[in-house]
*Asks:* 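Supplied in structure tokens, the structure appears directly below.
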Protein chains: 2
Amino acid sequence: MEFVEHRSRKDQVIDKAAELFRVNGYSATSMRDLANALGIEAASLYSHIRSKEEILQNLCFGMAEKFRSKLEEVERSDVSSSQKLRAGIVAHIHIMSDNLTESAVFMNEHRHLSQPFLREFLLLRINYINRFKRIIQQGIDKGEFIHVDTKLAVMTLFSSLNWMPHWYDPQGVIDPESLGNQLADMLIIGLKA
Amino acid sequence: MEFVEHRSRKDQVIDKAAELFRVNGYSATSMRDLANALGIEAASLYSHIRSKEEILQNLCFGMAEKFRSKLEEVERSDVSSSQKLRAGIVAHIHIMSDNLTESAVFMNEHRHLSQPFLREFLLLRINYINRFKRIIQQGIDKGEFIHVDTKLAVMTLFSSLNWMPHWYDPQGVIDPESLGNQLADMLIIGLKA
DNA sequence: CCTACCGATCGGTAGG
DNA sequence: CCTACCGATCGGTAGG
């Protein structure tokens with residue numbers, strides 16, 4: 001929203017923390033590790049953030065909001081269930097590939113949130129999953145999809161999406177759009193010739 | 001292999017550690033937490049295990065070996081690619097549901113292994129993934145499967161399998177056999193009516 | 001399996 | 001953003 005790209009020092013701290021959390025995990029990353037990676041003293045971090053966990057909260061809820069708002073857009077579109085499922089998958093992968101490090105933290109480290117943040121986070125996540133589940137259920141009701149177990153279907157989809165930060169290379173040949181479409185194809189039409 | 005079910009104290013320590021590692025993560029679980037859960041003093045743990053990491057090594061490599069040996073059996077069978085893929089999936093889910101806690105640790109905590117163990121573990125994992133990849137590739141070569149991206153296909157499968165410890169309830173209505181077959185169906189024939 | 005203890009490191013604060 | 005420092009906790013050892 002600004003003409004000058006201005007990343008606040010707080011954002012820089014959070015970004016660097018995300019990198020370390022991703023590689024070593026939240027608990028195994030110390031504030032001294034983080035300070036060191038930024039070239040400052042550990043105590044200086046606290047002029048930018050209130051606590052170690054505040055960083056994790058920023059990362060987890062920031063990503064949750066990105067995923068949620070995009071999926072809401074998709075839901076509002078008036079298309080077939082296949083198209084809606086496809087659009088939801090593509091949207092998710094787009095956000096993920098734009099924020100690979102944060103996505104990995106979002107997926108793997110949220111359990112280190114304390115209460116009531118953990119509870120809130122899990123509610124957001126179950127809500128997100130249920131939105132996809134509803135899309136699949138609608139497809140079944142309309143006869144567009146076969147009568148699969150929606151829980152298994154949505155968990156298969158969700159785990160595929162969650163695992164992507166582990167192997168997807170945004171510098172590689174395949175763009176988020178194609179990857180999303182290929183995943184959608186595989187889920188919708190299967191492997192069978 | 002014994003008539004009397006005899007769980008060594010070491011195994012009890014490892015099992016209890018697996019529970020704590022699963023819930024709180026390896027780094028966030030202290031040896032005092034573990035000792036407390038067993039009703040002994042932290043120092044007493046070291047009569048059974050050499051170090052905290054030795055516990056993790058036992059868990060990770062123990063599970064890796066279970067998965068590997070079962071998949072090798074499946075590979076030796078002379079059946080179609082669909083059937084082989086299906087059998088591999090069912091075998092994986094069987095092992096997982098028999099060792100849910102250990103599977104979760106195997107999946108989420110292996111990164112806390114130090115070198116050279118981490119490297120060795122990752123080699124075992126890539127080998128396991130490649131075995132599934134080969135089954136899919138053979139199916140494509142024989143015209144049994146359509147020409148999908150094998151990397152995407154195998155990653156989708158692998159992430160589904162890995163994520164199961166998060167939601168699969170072995171006390172629930174669906175047994176490992178059925179779950180495996182349903183997942184195989186979904187991947188092979190898709191959702192499309 | 002215990003008591004007693006080690007040096008290292010943790011997240012964070014006070015005060016500038 | 002720094003120096004100086006806090007109490008708590010870490011994985012692990014010595015010696016029984």
Side-chain angles (χ1 to χ4, degrees), chain A residues 6-62 105 108-118 121, chain B residues 6-62 105 108-118 121:
Chain A
H6 176 65
R7 324 218 51 248
S8 74
R9 197 73 173 115
K10 178 172 178 175
D11 286 345
Q12 290 174 33
V13 169
I14 292 174
D15 282 3
K16 186 59 79 179
E19 288 175 30
L20 299 181
F21 290 171
R22 180 192 187 172
V23 177
N24 304 316
Y26 176 78
S27 294
T29 301
S30 73
M31 294 304 269
R32 282 158 184 83
D33 293 337
L34 176 55
N36 209 277
L38 290 163
I40 61 175
E41 293 301 317
S44 308
L45 290 168
Y46 294 88
S47 352
H48 307 294
I49 47 98
R50 264 182 288 270
S51 67
K52 186 183 180 185
E53 200 191 305
E54 195 200 60
I55 300 175
L56 186 62
Q57 288 163 13
N58 268 272
L59 288 165
C60 290
F61 289 99
V105 173
N108 288 312
E109 308 301 330
H110 66 259
R111 63 173 155 169
H112 297 290
L113 290 168
S114 64
Q115 298 294 6
F117 304 99
L118 179 57
F121 180 88
Chain B
H6 175 65
R7 323 218 54 247
S8 73
R9 197 72 173 113
K10 178 172 177 175
D11 286 346
Q12 289 173 34
V13 169
I14 292 174
D15 283 3
K16 186 60 78 179
E19 287 175 32
L20 299 181
F21 291 172
R22 180 190 187 172
V23 177
N24 303 315
Y26 176 78
S27 293
T29 301
S30 73
M31 294 305 268
R32 281 158 183 84
D33 292 337
L34 176 55
N36 211 278
L38 290 162
I40 61 176
E41 293 300 318
S44 308
L45 290 168
Y46 294 88
S47 352
H48 306 294
I49 47 98
R50 265 181 287 270
S51 67
K52 186 184 180 185
E53 199 190 306
E54 196 200 58
I55 300 176
L56 186 62
Q57 288 163 14
N58 267 273
L59 287 165
C60 289
F61 289 99
V105 172
N108 288 312
E109 309 300 330
H110 66 261
R111 64 173 155 170
H112 297 290
L113 290 168
S114 64
Q115 298 294 7
F117 303 99
L118 179 58
F121 180 88

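In the text below, chain A, chain B and the rest are named by the order of the sequence lines, each starting its count at 1.
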*Asks:* Kindly assign one of parallel, tilted or perpendicular to the pair B:Phe61 and B:Phe121, based on the angle between their ring planes and the thresholds 30° and 60°.
*Replies:* perpendicular
*Asks:* What is the nucleic acid contact for A:Ser27, judged by heavy atoms within less than 4.0 Å: base, sugar-phosphate only, or nothing?
*Replies:* nothing
*Asks:* Any chance you could measure B:Arg9, atom CZ, to B:Ser44, atom OG, to the nearest 0.5 Å?
*Replies:* 9.5 Å
*Asks:* To the nearest 0.5 Å, how far apart are CG in B:Asp33 and CG in B:Asn24?
*Replies:* 7.0 Å
*Asks:* Identify, between A:Asp33 and A:Arg50, the residue whose nearest nucleotide on DNA chain C lies closer to the 5' end.
*Replies:* A:Asp33
*Asks:* How many angstroms lie between atom CG of B:Leu118 and atom CZ of B:Arg111, to the nearest 0.5 angstrom?
*Replies:* 11.0 Å
*Asks:* Between A:His48 and A:Arg32, which has a closest nucleotide on DNA chain D that is more 5'?
*Replies:* A:His48
*Asks:* Give every residue pair that meets the ring pair (Phe, Tyr, Trp, His ring centres under 6.0 Å) criterion with at least one member in residues 14-38 of chain B, sequence neighbours excluded.
*Replies:* B:Phe21-B:Tyr26, B:Tyr26-B:His112
*Asks:* Under 4.0 Å from a heavy atom of chain B: give me the 5'-most and 3'-most nucleotides of DNA chain D that qualify.
*Replies:* D:dC10 to D:dT13
*Asks:* To the nearest 0.5 Å, what is the distance between CD on B:Gln57 and CD1 on B:Ile14?
*Replies:* 10.5 Å
*Asks:* As an exercise, state the distance from CD1 of B:Ile40 to NE2 of B:His48, rounded to the nearest 0.5 Å.
*Replies:* 5.0 Å
*Asks:* Dot-bracket for DNA chain D: what is it, with Watson-Crick or G-U pairs under 3.5 Å, [ ] where a pair crosses earlier ones, and | for a pair to another strand?
*Replies:* ||||||||||||||||
*Asks:* Base, sugar-phosphate alone, or nothing: which one does B:Ser47 contact when heavy atoms must sit under 4.0 Å apart?
*Replies:* base
*Asks:* Starting at CG of B:Leu59, measure out to CG of B:Leu56 and round the result to the nearest 0.5 Å.
*Replies:* 6.5 Å
